[in-house]
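In what follows, a single structure is set out as structure tokens and then discussed.
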Amino acid sequence: MMMMGETWSQLGSLIATAMFLWAMFDNYFPHHLRSLILSHTKKLTSFVYPYIQIKFPEFTGEHLKRSEAYAAIETYLSSKSSSEARSLKAEVVKDSSQPVQLSMDENEEVTDEFEGMKVWWGVKKIPPRTQSFSFYPAMDEKRYYKLTFHKSHRETLCGKYINHVLQEGKAITVRNRQRRLCINNPSQNWGGYRSTKWSHVTFEHPASFDTLAMDSKKKEEIINDLIKFSEGKEYYAKIGKAWKRGYLLYGPPGTGKSSMIAAMANYLNYDIYDLELTTVKDNTELRRLLIETTSKSIIVIEDIDCSLDLTGQRKKKKEQEKDEEKDPASKMAKGEEESSSKVTLSGLLNFIDGLWSACGGERIIVFTTNYVEKLDPALIRRGRMDKHIEMSYCGFEAFKVLAKNYLDIDSHELFSTIDHLLDENDMTPADVAENLMPKSQNEDAETCLKKLIEAIKTAKEEATKKAKEEAQLKAEKEEKEKQEATQEDVKVDESLAKDVKENGVDVVKDDKTLGNEVRENGVTA
Ligand SMILES: Nc1ncnc2c1ncn2[C@@H]1O[C@H](COP(=O)(O)OP(=O)(O)OP(=O)(O)O)[C@@H](O)[C@H]1O
Ligand SMILES: [Mg+2]
């Protein structure tokens with residue numbers, strides 16, 4: 001059965017040869033008789049060989065570009081080839097998480113089924129026409145995939161099936177794609193041979209939504225939001241909106257903002273572009289960087305409050321100004337610095353919902369901050385940042401996720417104590433996780449839980465002590481200010497009295513108010 005397509009193909013060739021021989025007798029037959037015979041032969045061929053074949057050559061076009069269809073078919077057939085074919089070829093595919101991709105060798109055949117219809121796939125090699133030396137031997141070795149199916153299935157297989165193969169092939173490539181973490185290069189390194197605006201490494205962060213400790217309802221809501229977005233191509237096209245979504249993650253340090261971004265990327269299979277704004281010179285550079293990001297990616301700007309301040313000017317600039325006050329020499333370079341500090345809030349906003357949105361493909365943009373209240377409302381208004389996600393201190397539900405991850409336990413008698421303690425005290429998931437992690441092999445789950453309880457209690461005591469100290473400091477400061485104010489008043493009174501004594505009328509002339517006071521105090525001019 002395996003070679004069925006092959007056998008039929010040979011039979012087809014035989015018939016074609018016979019037809020050719022018929023044609024050789026061309027001259028001996030009158031024209032009308034000849035076309036009659038030919039039309040009957042065609043019917044006979046189609047009756048004896050009711051199969052259709054489609055070829056997909058590896059290289060196409062004038063410049064012999066590797067055909068996308070060929071690559072997609074190869075990927076699509078990879079799993080079938082590895083389980084059915086006896087002679088296989090292994091190739092390393094660039095940027096793939098799979099060590100090698102297996103494909104069937106020449107003259108092998110695999111079968112596939114689509115809506116109950118059977119098809120045969122084979123790969124063939126066209127031998128090179130010349131034996132001459134070539135710089136591109138791989139290109140000389142032309143191959144093609146051959147699809148064979150019964151003519152009665154023509155309509156479905158030519159349209160729907162081929163479409164399905166190509167789409168699935170591309171989807172598998174995306175799934176197997178090694179994801180990348182890209183970091184923007186400083187612009188002074190942009191010029192030159194083969195330089196790029198982004199450097200990348202393989203993204204291998206293990207965070208996932210399963211390991212992320214947070215309220216399960218909130219987590220589910222975020223996952224659903226991501227699914228809706230990633231499947232929303234038609235929806236976004238319908239409502240006339242660019243296929244983009246903005247998230248603002250805010251919360252104290254160590255509450256899992258960066259882990260959340262990694263989990264999102266892992267969940268959606270997206271690349272991450274970690275955009276460091278402080279090395280971007282101006283809005284033009286920002287645009288150039290963003291235009292080079294690829295589809296299916298998350299663009300991250302961490303600690304947005306540190307990159308831009310409320311007026312849209314760079315924070316760095318403000319700090320420079322402070323330094324300049326102390327150091328006049330640095331003032332000399334001010335003009336230069338100014339021109340290098342021009343990434344503005346409006347530039348960023350224009351990019352988020354301006355023209356950049358027109359470049360197709362799905363992109364998510366995530367801002368993180370520890371201080372949401374510091375951000376400009378223009379930056380975080382709905383529509384720009386579609387979803388605001390608060391990453392908060394560790395609650396009991398989040399703790400249970402961490403306990404499962406770190407200690408592999410779902411319940412324990414100490415859980416209720418921890419529940420109570422976490423309810424009353426703020427502790428970040430990062431701190432909880434740190435305490436739950438066994439430091440040696442002797443530390444079992446109970447020891448770690450006790451360690452956590454101790455840590456929360458200590459943190460509580462420290463927090464109470466700190467609060468007391470702060471209250472005391474505040475009271476002392478207020479008292480000091482009060483005393484200083486009183487001393488200041490006394491000084492003013494004394495100096496006033498002295499002035500009046502020394503200057504007499506002049507003071508009254510100069511200062512009406514003072515004159516009134518002087519008059520009231522009984523010292524007349
Ligand atoms: N919600 C969480 N779930 C699971 N692990 C967490 C969570 N929050 C923090 N952690 C742990 O703490 C470490 C630090 O967390 P992360 O870097 O995500 O915090 P962050 O909110 O981005 O902090 P920062 O504001 O300082 O950037 C992580 O490596 C992770 O192990
Ligand atoms: Mg972070």
Side-chain angles (χ1 to χ4, degrees), residues 181-184 201 203-223 225-226 246-268 270 272-278 298-308 315 364-375 379-380 385 387-410 415 418-419 421-423 425-439 443 445 448-449 451-452 455-456 459:
L181 168 64
C182 308
I183 301 150
N184 54 313
V201 290
F203 177 70
E204 285 175 323
H205 201 294
S208 71
F209 279 108
D210 290 335
T211 62
L212 200 66
M214 66 188 293
D215 183 60
S216 57
K217 242 187 176 168
K218 219 157 124 188
K219 199 191 289 188
E220 207 169 303
E221 195 188 310
I222 296 164
I223 294 175
D225 197 77
L226 289 173
Y247 292 93
L248 172 74
L249 304 183
Y250 65 95
T255 47
K257 296 179 292 299
S258 303
S259 311
M260 163 74 89
I261 296 169
M264 283 176 164
N266 284 333
Y267 189 80
L268 293 173
Y270 281 12
I272 289 190
Y273 284 89
D274 191 356
L275 180 59
E276 175 55 64
L277 274 188
T278 47
I298 303 185
I299 296 157
V300 181
I301 304 180
E302 289 254 31
D303 299 319
I304 182 85
D305 50 293
C306 301
S307 314
L308 290 167
K315 192 141 227 176
I364 286 178
I365 171 148
V366 181
F367 287 164
T368 74
T369 180
N370 294 334
Y371 310 98
V372 70
E373 64 285 349
K374 271 204 214 166
L375 294 185
L379 185 68
I380 55 170
M385 291 291 112
K387 209 161 169 51
H388 297 186
I389 302 169
E390 183 182 6
M391 302 300 290
S392 46
Y393 290 110
C394 194
F396 184 57
E397 254 200 80
F399 157 75
K400 280 206 289 193
V401 176
L402 293 173
K404 178 80 191 146
N405 291 343
Y406 284 76
L407 305 171
D408 209 14
I409 51 171
D410 291 307
F415 271 23
I418 293 172
D419 182 7
L421 281 169
L422 286 176
D423 218 22
N425 301 284
D426 290 342
M427 191 171 233
T428 63
D431 286 337
V432 173
E434 180 57 29
N435 283 294
L436 287 183
M437 191 142 70
K439 297 284 176 317
E443 287 193 353
C448 294
L449 291 175
K451 211 165 60 176
L452 174 65
I456 306 176

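As the structure lists them, so they are numbered: ligands from 1, and atoms in each ligand from 1.
- Proximity to L212 (heavy-atom distance under 4.0 Å) selects the following atoms of ligand 1: 3 (N).
- In terms of polar-atom proximity, E302 is not counted as a contact of ligand 1, lacking any N or O under 3.5 Å from an N or O of the ligand.
- Salt bridge status for D410 with K400: absent, with no side-chain N to carboxylate O gap under 4.0 Å.
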Given salt bridge (Lys or Arg N to Asp or Glu O under 4.0 Å), test D215 with K219 step by step and report yes or no. CA-CA 6 Å; D215 183 60; K219 199 191 289 188; over 6 Å; no
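- Atom 6 (C) of ligand 1 has its closest protein heavy atom at P429 CB, 4.1 Å.
- You'll find the side chain of V432 reaches within 4.5 Å of the side chain of L452, heavy atoms only.
- The protein atom (non-hydrogen) at minimum distance from atom 13 (C) of ligand 1 is A430 CB, 4.1 Å.
- At a 3.5 angstrom cut-off on N or O pairs, A213 counts as close to ligand 1.
- By the 4.5 Å heavy-atom criterion applied to side chains, Y247 and L226 are counted as neighbours.
- The nearest heavy-atom contact from the protein to atom 26 (O) of ligand 1 is P253 CB, 3.5 Å.
- Residue contacts with ligand 1, taken as heavy atom pairs separated by less than 4.0 Å, involve N370 solely via side-chain atoms from C-beta onward.
- Ligand 1 is approached by G254 to a heavy-atom distance shorter than 4.0 Å.
- The closest side-chain heavy-atom distance from L407 to P438 is below 4.5 Å.
- Contact annotation for S258 and ligand 1: heavy atoms of both the backbone and the side chain come within less than 4.0 Å of the ligand.
- Between H388 and Y250 there is a side-chain heavy-atom pair separated by less than 4.5 Å.
- Applying the 4.0 Å criterion to heavy atoms of T211 picks out, from ligand 1, the atoms 3 (N), 4 (C).
- Residue M391 places no N or O, backbone or side chain, under 3.5 Å from any N or O of ligand 1.
- Side chains of F367 and L375 form no contact here, defined as non-hydrogen atoms less than 4.5 Å apart.
- For the atom pair E302 CD and L277 CG, the distance stands at 11.5 Å (nearest 0.5 Å).
- Side-chain contact between K257 and V366 is absent, with no heavy atoms from C-beta onward closer than 4.5 Å.
- Looking only at protein heavy atoms, the nearest one to atom 5 (N) of ligand 1 is L402 CD2, 4.1 Å.
- The single protein non-hydrogen atom nearest to atom 25 (O) of ligand 1 is K257 NZ, 2.8 Å, given as residue, atom name and distance.
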Full working for side chain to side chain contact (heavy atoms under 4.5 Å, CB included) between K218 and E390: CA-CA 10 Å; K218 219 157 124 188; E390 183 182 6; 4.3 Å; yes
Output, in order, the C-alpha distance, side-chain angles, deciding distance and verdict of side chain to side chain donor-acceptor pair (under 3.5 Å) for S208 and N266. CA-CA 7 Å; S208 71; N266 284 333; over 6 Å; no
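- Summary of contacts: the protein heavy atom closest to atom 31 (O) of ligand 1 is Y406 OH, 3.8 Å.
- An N or O contact shorter than 3.5 Å links G256 to ligand 1 by distance.
- The distance criterion of under 3.5 Å between nitrogen or oxygen atoms is met by S259 with respect to ligand 1.
- Residue contact annotation: S259 places no N/O/S atom under 2.8 Å from the Mg ion (ligand 2).
- Taking a 4.0 Å cut-off on heavy atoms, V401 fails to register as neighbouring ligand 1.
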